[in-house]
There are 2 protein chains.
Amino acid sequence: MTENIENILTQKDINPTAMRLLVLDFLLKQTAAISLTDLEKGLDPSDRITLYRALKKFEEKGLVHSIDDGSGATKYALCENDCEAGHHHDLHVHFYCNTCKETSCLPKHHIPQIALPEGFKSEEVNLIVKGVCNKCVR
Amino acid sequence: MTENIENILTQKDINPTAMRLLVLDFLLKQTAAISLTDLEKGLDPSDRITLYRALKKFEEKGLVHSIDDGSGATKYALCENDCEAGHHHDLHVHFYCNTCKETSCLPKHHIPQIALPEGFKSEEVNLIVKGVCNKCVR
DNA sequence: AATGACAGCGCAATAGCATTGCAAACTAGC
DNA sequence: GCTAGTTTGCAATGCTATTGCGCTGTCATT
């Protein structure tokens, strides 16, 4: 069981330490993107800085991607399989629910091509839709 | 001359104080969206808090809109004419230049409709394109 | 088995940003 | 001129990201 998680790390060239296994395990259980504070609360007696560095390492190695949803805190979520170190493919839409404050990925919804004016070169696109998610709507 | 600026404020139901005239005047001179810190530096011997509250007031009254470009600092830019108090129409794309760190509005590029999954309700869309702007590209 | 290099971890500390409370200064209406 | 309400400036708070440093455990080499 833990073998699985460990494999994920080693495949991404990340040393599987106890702390990192915990973090990855926690991430795998999430349905939405989580902030550093969420992670800290989820893994109670843990140091915030250590978790921060674990996430940074994961991001650097292409295991998670970070999302800035405008809530002030950076959110993190596991990447799709096709991400590589330093070369993210997270060109999908993120959804921020104004009610439950959860940020989730909508990987099926690709970001449409934006026609930029002459001389502009696009390197990255960030599309956040805010509203009410399917759990909060009624 | 100052008459003009004053009129803009009164039309938006904002008391035209000296400070606010200065802020609006500064905003009118900008080609890109500016952060609070930019504003503070541009109007040198001014209190950051006062400027912050001026911008808040402007935003509340529909004179400027705020943009979170992921740089950590909120940027502000004047609205188009069709904005009203509490009811913004800033559904245009924002461009963040990774080189000069400037954020500009691309009002001609409307945000395409995003088809959300069942049960999701969109209230606001935030589309930031990052790359190199026409001044920095070569 | 001892040693040394190194990675990871936890604590402390820093810096930048948004935001609020409070008291002084100012403005407008009476 | 006086009072009420608005605006301003200072101080302070809280949250976030980020870095430095020393301790600890691990692993390889001798």
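Quick caveat, the model's predicted, so the values are computed rather than measured.
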Once you round it to whole Å, what is the distance between [atom2] of [N] and [atom1] of [X]?
| X | N | atom1 | atom2 | answer |
| --- | --- | --- | --- | --- |
| B:Leu43 | D:dT8 | CG | C1' | 15 Å |
| A:Asp47 | D:dC21 | CG | P | 18 Å |
| B:Lys57 | D:dG5 | NZ | P | 15 Å |
| A:Glu40 | D:dC15 | CD | C1' | 12 Å |
| A:Leu22 | C:dG8 | CG | P | 15 Å |
| B:Asp68 | D:dA17 | CG | P | 13 Å |
| A:Arg20 | D:dG25 | CZ | C1' | 14 Å |
| A:Ile14 | C:dA7 | CD1 | C1' | 14 Å |

>> Tell me if the NZ atom of A:Lys41 is crowded by more than 12 foreign heavy atoms within 6.0 Å.
In response: no

Interatomic distance, [X] atom [atom1] to [Y] atom [atom2] [nearest 0.5 angstrom]:
| X | Y | atom1 | atom2 | result |
| --- | --- | --- | --- | --- |
| B:Glu102 | B:Asp69 | CD | CG | 11.0 Å |
| B:Gln11 | B:Leu9 | CD | CG | 9.5 Å |
| A:Leu51 | A:Phe58 | CG | CZ | 10.0 Å |
| A:Asp68 | B:Asn126 | CG | CG | 9.5 Å |
| B:Cys100 | B:Lys135 | SG | NZ | 5.5 Å |

> Do B:Leu27 and B:Ile49 share a hydrophobic cluster, counting only Ile, Leu, Val, Met, Phe, Trp and Tyr and linking them when any side-chain heavy atoms are less than 4.5 Å apart?
Replying inline: no

>> Applying a strict under-4.5 Å side-chain criterion to I, L, V, M, F, W and Y, I'd like to know whether A:Leu36 and A:Leu22 cluster together.
In response: yes

>> Base contacts versus sugar-phosphate-only contacts with protein, heavy atoms under 4.0 Å: please encode nucleotides 15-21 of chain C as B, S and - from 5' to 3'.
In response: --SSBBB

Tabulate atom names and distances for all N/O pairs under 3.5 angstrom spanning the protein and nucleotides 24-28 of chain C.
none

>> Using every non-hydrogen atom in the two residues, find where A:Gly62 and A:Lys12 come nearest and quote the distance to one decimal.
In response: O-NZ, 3.5 Å

>> How bent is the helix from C:dA1-D:dT30 to C:dC30-D:dG1, measuring the angle between the end axes built from five pairs each, rounded to 10°?
In response: 10°

> Under 4.0 Å between a side-chain N/O of A:Thr17 and OP1 or OP2 of C:dC9, yes or no?
Replying inline: yes

>> Please verify the inter-ring angle class for B:His65 with B:His94; under 30° counts as parallel, over 60° as perpendicular, anything in between as tilted.
In response: tilted

> Can you check side-chain contact (heavy atoms from CB on, under 4.5 Å) on A:Leu63 and A:Leu24, steps first, answer last?
Replying inline: CA-CA 9 Å; A:Leu63 186 57; A:Leu24 178 53; 4.2 Å; yes

